[in-house]
Amino acid sequence: MLKAVYAGSFDPVTLGHLDIIERAARIADELVVAILENPNKNYLFTSEERKYHLELVTKHLSNVEIASFQGLLIDFANSIHANVAIRGLRNTLDFTSEFQMHLINRQLDTKMETIFLAADEDHLALSSTNVKEVATFGGNIDFMVPKEIREFILEKYKK
Ligand code: ADP
């Protein structure tokens, strides 16, 4: 059985993340989307809000579950008996950092495999940071995030 974990900050979840989730859910028997909680990072949304957003946008995927974690991905993956990590690749910068992370994970735990999924061409320039930048200045974020969560983002920047 292939139990996969797809980790990220998802602050907020983008259409790029959702595409990776949908494709990974077709490959894996079970997919756990794991929200990273880094106490040293300032997030726009709390981990409860990010969990709610991910639950809303993955309602149609019966083998997808949302969880939160702190610490090393490898420890979280072991605790839920996941054997594969899913990562998305947009460009060579992603490739370099993701490949390094994979090698570190392999040093920490030789059983851990990573499946890299190439980003869809429509999502190559999409990141949570870009969403926040555009939203700050009142730009249109419709092509960047799932429609179910647009209002939550706009609400944060309404003053
Ligand atoms: P972090 O916030 O920790 O930098 P992200 O939540 O942005 O991480 O990303 C989590 C994973 O999703 C990473 O593997 C990243 O490469 C991938 N990813 C991010 N944005 C996209 C996108 N637009 N298309 C495909 N994969 C993406």
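Counting convention: from 1, in listed order, for ligands and their atoms alike.
Under a 4.0 Å criterion applied to the non-hydrogen atoms of G8, ligand 1 contributes the atoms 6 (O), 10 (C). Each of the atoms 22 (C), 23 (N), 24 (N), 25 (C) of ligand 1 lies under 4.0 Å from some heavy atom of G16. Atoms of ligand 1 lying under 4.0 Å from any heavy atom of F10, numbered from 1 in the order shown and given with element: 6 (O). Residue contact check: D94 has heavy atoms under 4.0 Å from atoms 16 (O) of ligand 1. Residue A119 has at least one heavy-atom neighbour below 4.0 Å for each of these atoms of ligand 1: 24 (N), 25 (C).
The two residues R23 and D120 come nearest to each other via the heavy atoms NH1-N, 4.0 Å. Here the closest heavy-atom approach between residue A4 and residue A28 is recorded as CB-CB, 3.8 Å. When all heavy atoms are compared, the tightest approach of I74 to L108 is CG2-CD1, 4.2 Å.
Taken to the nearest 0.5 Å, the CZ atom of R50 stands 7.5 Å off from the CG atom of L36. Distance check: H17 NE2 to T58 OG1 gives 13.5 Å after rounding to the nearest 0.5 Å. Summarising the geometry, atom NZ belonging to K147 is positioned 9.5 Å from atom CG belonging to L15; distances are rounded to the nearest 0.5 Å. Between atom NZ of residue K3 and atom NE2 of residue H81 there is a gap of 7.5 Å, rounded to the nearest 0.5 Å.
When hydrogens are left out, the protein atom nearest atom 6 (O) of ligand 1 is S9 N, 3.1 Å; that is the closest non-hydrogen contact. From the protein, the heavy atom lying nearest to atom 17 (C) of ligand 1 is Y6 OH, 3.5 Å. The protein non-hydrogen atom at the shortest distance from atom 9 (O) of ligand 1 is H17 NE2, 3.6 Å. Nearest protein neighbour of atom 16 (O) of ligand 1, counting heavy atoms only, is G88 O, 2.6 Å. The nearest heavy-atom contact from the protein to atom 20 (N) of ligand 1 is R90 NH1, 3.2 Å.
Per-atom contact check: atom 4 (O) of ligand 1 does not touch the protein, criterion being a heavy-atom distance below 4.0 Å.
Between H123 and ligand 1, an N or O atom pair is found at a separation short of 3.5 Å.
Using a cutoff of 4.0 Å between basic side-chain nitrogens and carboxylate oxygens, R87 and D94 are not scored as salt-bridged. Between E55 and K51, at least one side-chain N (NZ, or NE/NH1/NH2) sits under 4.0 Å from a carboxylate O, which counts as a salt bridge.
Only the backbone of A7 comes within 4.0 Å of ligand 1, judged by heavy-atom distances. Residue contacts with ligand 1 for L126 involve both N, CA, C or O and side-chain atoms from C-beta outward (heavy atoms, distance under 4.0 Å).
Which of R50, R23, R87 comes nearest to atom 13 (C) of ligand 1 through a heavy atom is settled by distance: it is R87.
A 6.0 Å sphere centred on CZ of F152 holds more than 12 heavy atoms belonging to other residues, nucleotides or ligands.
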